[in-house]
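First comes the structure, then the notes that go with it.
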2 protein chains.
Amino acid sequence: MTTIGFETHDHRACVSEAMTKAEARCAASDLRLTPVRRRVLELLLVDHRALGAYDILGHLSAEGLGTQPPVAYRALDFLVKAGFAHRIEALNAYIACAHLGADHTPAFLICRNCRSVAESDTAPSQGRLGVAARDAGFQIEHTVIEAQGLCPACQTGNAA
Amino acid sequence: MTTIGFETHDHRACVSEAMTKAEARCAASDLRLTPVRRRVLELLLVDHRALGAYDILGHLSAEGLGTQPPVAYRALDFLVKAGFAHRIEALNAYIACAHLGADHTPAFLICRNCRSVAESDTAPSQGRLGVAARDAGFQIEHTVIEAQGLCPACQTGNAA
DNA sequence: GAACTAATGTTATAACATATCAATACTGAA
DNA sequence: TTCAGTATTGATATGTTATAACATTAGTTC
C-alpha cells in the first residue's frame with residue numbers, strides 16, 4: 001500500500017510522466033485522448049488538488065476549448081472511466097489518478113484546509129467492509145473511501 | 001460489527017422505537033426535537049432508504065411544514081449533527097441512523113437498484129486507512145466509507 | 001463514398017445547496 | 001414579568017453541481 005500526495009517532488013516531471021503514461025495507455029487500449037480530454041487531464045495533474053467541474057470548465061472556456069457544462073463533464077467522465085482520474089464524492093470534485101494505469105480501489109486523504117488530496121491504495125474486499133458485505137449478502141461493485149482531516153502542512157498553525 | 005439493513009423486520013416497531021430513543025436523547029442532551037425535525041426523522045425512518053433533501057421537502061410541503069429548501073436542510077443538518085441521521089455522499093442523500101445514539105463511524109452498503117442502504121459499523125482508524133494516514137502524517141477527522149452494488153433482493157433478476 | 005460509431009456543439013433545465021436578513025419563540029436571570 | 005440573549009423559523013434570492021436531449025461533425029470500416 002503506497003500513499004501518494006503530501007510529499008514534495010519534481011512536479012513538472014511528474015506531470016509529463018503521467019501524460020506519457022496516459023498516452024501510451026490510450027494507444028494500447030484504443031481510447032482517444034482528444035484535445036479537451038488531454039487538456040483536462042493536464043489541468044488535474046498540474047493542480048494536484050481536487051478541482052470541481054466548473055473550475056475545469058473555467059479553464060477550458062478561457063482557452064477556447066468549450067463553454068458549456070457537458071464539455072467538462074464528458075471529459076471528466078472519460079478520464080474517470082479510463083482510470084486516469086477519480087471523483088471525490090465528499091467534494092463533488094475530481095482529481096488525477098496517482099497510480100496511473102493500475103486497476104485499483106483508491107482511498108483518499110482529503111485536507112479540509114488546502115483541499116490537497118493524497119491517494120492511497122486499499123483492498124476493501126479483504127477488510128472489515130468486505131466481511132460485512134459478505135455477511136449481508138451484498139455484492140460490492142464499487143467502493144468509496146474518503147477520509148477528511150488535516151494534511152501535515154495544515155496541522156501547523158494555519159488550519160481552522 | 002453489526003450490519004443493519006437488508007433483513008426483514010417489524011418496521012412499525014423499529015420506527016417507534018427509534019423515535020423514542022431520539023426523544024430520550026434530545027431530553028438528555030438539551031436538544032430540541034421540533035415538529036419539523038421530528039417529522040423529517042420519521043420520514044427517514046419510515047422510508048428506510050436514502051432520501052434526497054428535496055424528497056423530504058416534498059413531504060414537508062404537502063404537510064404544511066415548510067416549502068423552501070432551507071427548511072429541509074436545516075432539519076437534516078440538525079439530525080446529522082445530533083447523530084440521528086447520516087449523509088450519503090455518493091447519493092447526495094440522507095438516511096436515518098441505524099445505531100441511534102451510539103457514537104460511531106458508519107460504513108454503508110448502497111444498492112444501486114433499489115437505493116436501500118445498510119449501515120455497518122467500522123473502525124477505520126484501526127484498519128489500512130488508519131495506517132496509511134499515520135504514515136502520511138495525516139490527521140483524520142471524519143471518514144466516508146460507502147460501497148455501492150446490489151443488495152440480496154436485487155441480485156435475483158430484477159437488477160440492471 | 002456510404003454506413004456506422006464516437007465525439008462535440010448547443011440549448012435548456014434538473015438537482016442539490018447556501019447566504020442573508022427579518023421575525024418569532026424559548027430560556028434564564030434580574 | 002420583563003429584559004436580554006440565543007435558538008429557531010420564515011422568506012427571498014442565488015449559487016453550485018449535473019444531466020437530458022437533439023443536432024452536427026469527425027473518424028473508421030467496408
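We use all heavy atoms of the structure for the numbers below, so side chains are in, but hydrogens, waters and symmetry mates are not. Order of the sequence lines sets the chain letters (A, B, ...), proteins ahead of strands, with each chain counted from 1.
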Establish, with yes or no, whether the OP1 or OP2 oxygen of dA11(D) is under 4.0 angstrom from a side-chain nitrogen or oxygen of T67(B).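 Answer no for this pair, as no side-chain N or O of T67(B) is under 4.0 Å from OP1 or OP2.
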Under 4.0 Å from OP1 or OP2 of dT8(C): is there any side-chain N or O of R32(A) that close? no
May I have the distance from [X] (atom [atom1]) to [N] (atom [atom2]), rounded to whole angstrom?
X      : N       : atom1 : atom2 : result
L76(B) : dT18(C) : CG    : P     : 11 Å
D77(B) : dT9(D)  : CG    : P     : 12 Å
Q68(B) : dT18(C) : CD    : C1'   : 13 Å
E89(A) : dT17(D) : CD    : C1'   : 12 Å
R39(B) : dT9(D)  : CZ    : P     : 16 Å

Is it true that a side-chain atom of [X] and a backbone atom of [Y] form a donor plus acceptor pair closer than 3.5 Å?
X       : Y       : result
R115(A) : R49(A)  : no
S16(A)  : A13(A)  : yes
H48(B)  : A96(B)  : no
Q155(A) : L150(A) : yes
Q148(A) : R112(A) : no

Judged by each residue's nearest nucleotide on DNA chain D, which is more toward the 5′ side, N92(B) or P69(B)?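 Its nearest nucleotide lies further toward 5', so the answer is P69(B).
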Which nucleotide in the list [options] gets nearest to the side chain of [X]?
X      : options                   : result
Y94(B) : dA17(C), dT10(C), dA7(D)  : dA17(C)
R37(B) : dT8(D), dA19(C), dT17(D)  : dT8(D)
P70(B) : dA19(C), dA18(D), dG9(C)  : dA19(C)
R87(A) : dT18(C), dA18(D), dG10(D) : dA18(D)
Y73(A) : dT17(D), dT8(C), dG10(D)  : dT17(D)

For R74(B) and A93(B), find the nucleotide of DNA chain C closest to each by heavy atoms; which residue's nucleotide sits nearer the 5' end?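 So the residue in question is A93(B).
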base_contact_polar (dA18(D) base, Y54(A) side chain, donor-acceptor, <3.5 Å):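 Check passes, donor-acceptor contact within cut-off.
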